[in-house]
Amino acid sequence: MENKILGNKRKNYLSWDAFFMGIAKLAAGRSKDPNTQVGACIVSDDNRILSIGYNGAPNNYNDDIFPWNREGKDIETKYMYVCHAEANAINNYLGSRKDLKGARIYVDLFPCNECAKGIVQAGISEVIYLSDKYNGTDENIVSKKIFDTCGVKYRRLDKSAEKIIKLSIKPDISLEYIEK
C-alpha cells in the first residue's frame with residue numbers, strides 16, 4: 001500500500017524539547033519565590049508527561065509564613081526550607097518508581113547537587129536545562145560529577161529550538177508562538 005500525502009502539515013509546531021521545556025516554564029510560574037522561579041517536567045521515553053514540579057514550600061507549610069529571604073541567618077532564609085522543582089517533580093509522581101527509569105527531566109536551571117542525587121536515585125537518564133547560571137560553583141561541579149559517574153546525560157536546550165510563547169488568560173485563554 002502506498003502512503004499518500006493528504007495535505008501539508010503545519011511547519012512551525014513545537015518540538016518535543018520546546019514543548020516540555022514550555023511545560024516546565026509554565027510550572028515555574030506557580031513558584032512564589034520572589035527571586036528565582038524554577039519548574040521541572042519529567043517525561044517518559046515515549047514523550048508522555050509523568051510529573052511536574054516547581055520550587056516552593058513543602059506541602060502543608062503555609063507559604064504566607066515561609067521565609068522567602070535570600071540573606072540573613074540560615075534559619076531565616078528560604079534555603080533551609082524550599083523544595084526544589086526537581087525534587088518536587090520526583091516526589092509528586094504517583095506511579096510506580098520503575099516508570100521513572102530512563103525518563104528525561106526538563107528544568108529551567110541546571111540541578112544542584114542534592115537534586116542531582118535525587119535524579120540519579122529515581123533512575124532518570126537525561127537532564128535538559130535552559131540555564132547553567134551557577135556553572136563552576138562547587139555544587140555545580142559536584143552535580144556534573146554525579147551525572148557523569150552515574151551515566152546521566154545532560155544538555156542545554158538547543159537555542160534553535162527556542163520559541164517565544166505568549167500566554168494570554170484574559171479575556172480568553174490563548175497561546176501565541178513566535179519564532180525567535
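The structure presented is a predicted model; accordingly, all values stated were derived computationally and were not measured. Residue indices begin at 1 and follow the sequence shown.
Side-chain atoms of R156 never come within 3.5 Å of backbone atoms of Y129 as a donor-acceptor pair (strictly under, hydrogens ignored). Proximity of a side-chain donor or acceptor of N55 to a complementary backbone N or O of T36 within less than 3.5 Å is detected. The backbone N or O of A28 lies less than 3.5 Å from no partner atom in the side chain of S31, so there is not a single donor-acceptor pair. A donor-acceptor pair under 3.5 Å is absent between the side-chain atoms of N69 and the main chain of E71, judged by distance alone. No donor-acceptor distance shorter than 3.5 angstrom exists from the side chain of D63 to the backbone of A57, with no hydrogens or angles considered. S143 places a side-chain N or O within donor-acceptor distance of the main-chain N or O of C112, the cut-off being under 3.5 Å.
How far OH of Y154 is from CD1 of I119: 12.5 Å, rounded to the nearest 0.5 Å. For the atom pair CD1 (I52) and CD1 (I23), the distance works out to 6.0 Å, reported to the nearest 0.5 Å. Taking CG from N91 and OG from S51, the interatomic distance works out to 8.5 Å, rounded to the nearest 0.5 Å. Within the model, atoms OH of Y54 and CG of N92 stand 8.5 Å from one another, a figure rounded to the nearest 0.5 Å. Here the straight-line distance linking atom CZ of R104 with atom CG of D45 works out to 7.5 Å at 0.5 Å rounding. One distance of note links CZ of F66 with OH of Y61; it measures 7.0 Å at 0.5 Å rounding.
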side-chain contact (heavy atoms from CB on, under 4.5 Å) assessment of V38 paired with H84: CA-CA 8 Å; V38 179; H84 287 186; over 6 Å; no
Salt bridge (Lys or Arg N to Asp or Glu O under 4.0 Å) assessment of R48 paired with D99: CA-CA 11 Å; R48 298 187 190 282; D99 295 334; over 6 Å; no
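Between F20 and W16, the angle of the ring planes stays under 30°, which puts this pair in the parallel group of the 30/60° scheme.
By the rule that hydrophobic residues join a cluster once side-chain heavy atoms approach within less than 4.5 Å of another member, L130 and F19 end up as members of one cluster. Residues I124 and F110 fall within the same hydrophobic cluster, defined by Ile, Leu, Val, Met, Phe, Trp and Tyr side chains chained together at heavy-atom separations under 4.5 Å. L14 and V43 fall within a single hydrophobic cluster, where Ile, Leu, Val, Met, Phe, Trp and Tyr side chains are chained together by heavy-atom contacts under 4.5 Å. Following chains of ILVMFWY side-chain contacts shorter than 4.5 Å, one can reach V120 starting from V127, so the two form part of one hydrophobic cluster. Neither L109 nor I105 shares a network with the other; the hydrophobic side chains, linked directly or stepwise wherever heavy atoms of I, L, V, M, F, W or Y lie under 4.5 Å apart, form separate groups for each.
When all heavy atoms of D33 and Q37 are compared, the closest pair comes out as O-NE2, 2.5 Å. Heavy atoms only, all atoms of each residue included: W68 and K32 are closest at CZ2-CB, 4.0 Å. What you find for A24 and D108 is that their closest heavy atoms are O-OD1, 3.9 Å. Taking all atoms of both residues into account, the shortest heavy-atom contact from R155 to Y106 is NH2-OH, 4.5 Å.
Checked by atom type, the side-chain pair S15/D17 shows no donor-acceptor distance below 3.5 Å. K117 and N113 are not linked by any side-chain donor-acceptor pair at a separation below 3.5 angstrom, with hydrogens and angles left out of the test.
Looking at L50, L100, I49 one by one, the single match for side-chain contact (heavy atoms from CB on, under 4.5 Å) with S44 turns out to be L50.
Heavy atoms of other residues, nucleotides or ligands lying less than 6.0 angstrom from CG of N62 number more than 12. Within 6.0 Å of CD1 in I65 there are more than 12 heavy atoms belonging to other residues, nucleotides or ligands. The neighbour count for D46 CG, taken as heavy atoms of other residues, nucleotides or ligands under 6.0 Å away, is above 12.
Between I141 and Y134 the shortest side-chain heavy-atom distance does not fall below 4.5 Å.
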